[in-house]
Amino acid sequence: MAATKQKRRGAHLEMVGGKGGRQRVWEAIRANRDGFYLADISRAAKVDLATVRTYVQALERGGFIQQCNVTVKLAEAKQFALVKDNGLEAPRLTAEGKPVIQGLINEAMWRTMRMVRDFNFHELAALSSTTEVSVAPGTARTYLRHLATAGYLIEIDKGHGKGAGGIPTRYRFNPARNSGPRPPMIQRTKSIYDPNLGQIVWQEEPDHDC
DNA sequence: ATTATGCAAATGGTGTAGAG
DNA sequence: CTCTACACCATTTGCATAAT
């Protein structure tokens with residue numbers, strides 16, 4: 001009923017690599033690693049207390065932080081300390097404190113792409129697949145297609161685009177677009193956001209000049 | 001006729017926000 | 001403090017098209 005009913009915003013505004021949300025909380029925690037309270041974090045990060053509480057709980061379960069004054073039971077009065085600093089960006093944890101698997105496949109493909117010179121989506125799927133993650137050919141195909149559209153990949157051999165010849169489109173990673181370790185995310189709005197650059201790198205081409 | 005690619009839409013999973 | 005609802009990204013699957 002609050003006038004400021006904040007619905008969830010775009011990924012580039014709250015997810016990893018952006019601002020707001022858990023990222024701010026994590027930064028605030030790092031700034032006060034010796035000891036902090038939920039209220040401090042909430043105020044410093046300018047994040048709703050409930051959100052802070054949720055994330056802190058996840059961090060605690062994940063073993064990233066530890067409560068100092070165990071005697072206190074009230075969450076708002078609890079004092080935590082950072083015991084496991086990833087140093088990087090905010091760990092993506094589920095409420096259970098377990099690492100999020102979402103995006104793992106994406107990252108695997110992104111990493112493979114930067115290592116291998118050229119490839120087709122079949123090879124990418126095979127190379128990206130590990131014992132931990134299995135990349136479906138279809139997924140690789142989709143991701144590859146989007147990246148190519150965004151200019152991250154160069155189509156070096158269109159070959160025989162279709163048919164039973166076994167010559168799929170061959171792509172090559174564009175070094176100029178090697179922006180960083182974070183894989184670009186394909187947003188729901190048909191746009192592609194690069195967490196490394198912190199900006200939209202491609203949109204659905206509003207340009208329709210005839 | 002068979003097989004693979006390309007495109008598109010549907011579904012699932014996760015995080016955030018709010019209310020009880 | 002716990003629970004429910006909602007929004008968004010990621011992934012999977014199906015259909016249409018085209019060549020061997």
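Numbers restart at 1 for each chain; the letters A, B, ... are given by sequence-line order, proteins then strands. Just so you know, these numbers come straight off a predicted model, no measurement behind them.
With contacts defined as side-chain heavy-atom distances shorter than 4.5 Å, the pair A:M109/A:T112 does not qualify. At least one side-chain heavy atom of A:E123 sits under 4.5 Å from a side-chain heavy atom of A:R170. Contact of the A:F173 side chain with the A:I154 side chain is not registered, since no non-hydrogen atoms from C-beta on lie closer than 4.5 Å. Annotation: side chain of A:Y171 is not in contact with side chain of A:D118 (no heavy-atom distance under 4.5 Å). At a threshold of 4.5 Å between non-hydrogen side-chain atoms, the residues A:M113 and A:L144 count as touching.
When the C1' atom of B:dA8 is taken as reference, atom CD1 of A:I186 falls 15 Å away, rounded to whole Å. Rounded to whole Å, atom C1' of C:dC9 lies 15 Å from atom CD of A:E107. Between A:I105 atom CD1 and B:dG13 atom C1' the separation is 12 Å, expressed in whole Å. Between the P atom of C:dA10 and the CE atom of A:M109 lies a distance of 10 Å, rounded to the nearest Å. Distance, A:E123 CD to B:dA4 P: 15 Å, rounded to whole Å. Put simply, CZ on A:R141 is 11 Å from C1' on C:dC15, counting in whole angstrom units. Atom OH in A:Y143 sits about 13 Å away from atom C1' in C:dT11, given to the nearest Å. Between the CZ atom of A:R145 and the C1' atom of B:dA4 there is a distance of 16 Å, given to the nearest Å.
Dense packing is recorded around CZ of A:R114, with more than 12 heavy atoms of other residues, nucleotides or ligands lying under 6.0 Å away.
You'll find that the side chain of A:F121 is closest to B:dT5, out of C:dA10, B:dT5, B:dC7.
Taken over five-pair windows at either terminus, the axes of the helix from B:dA1-C:dT20 to B:dG20-C:dC1 are inclined to one another by 20° (rounded to 10 degrees).
Every ring-ring contact (aromatic ring centres under 6.0 Å, His included) that A:Y152 has, sequence neighbours left out, goes to A:W110.
When the side-chain nitrogen and oxygen atoms of A:H122 are compared with OP1 and OP2 of B:dA4, none of them lie within a distance under 4.0 Å. In this model, the phosphate group of C:dT11 is approached by a side-chain N or O of A:N106 to a distance below 4.0 Å at OP1 or OP2.
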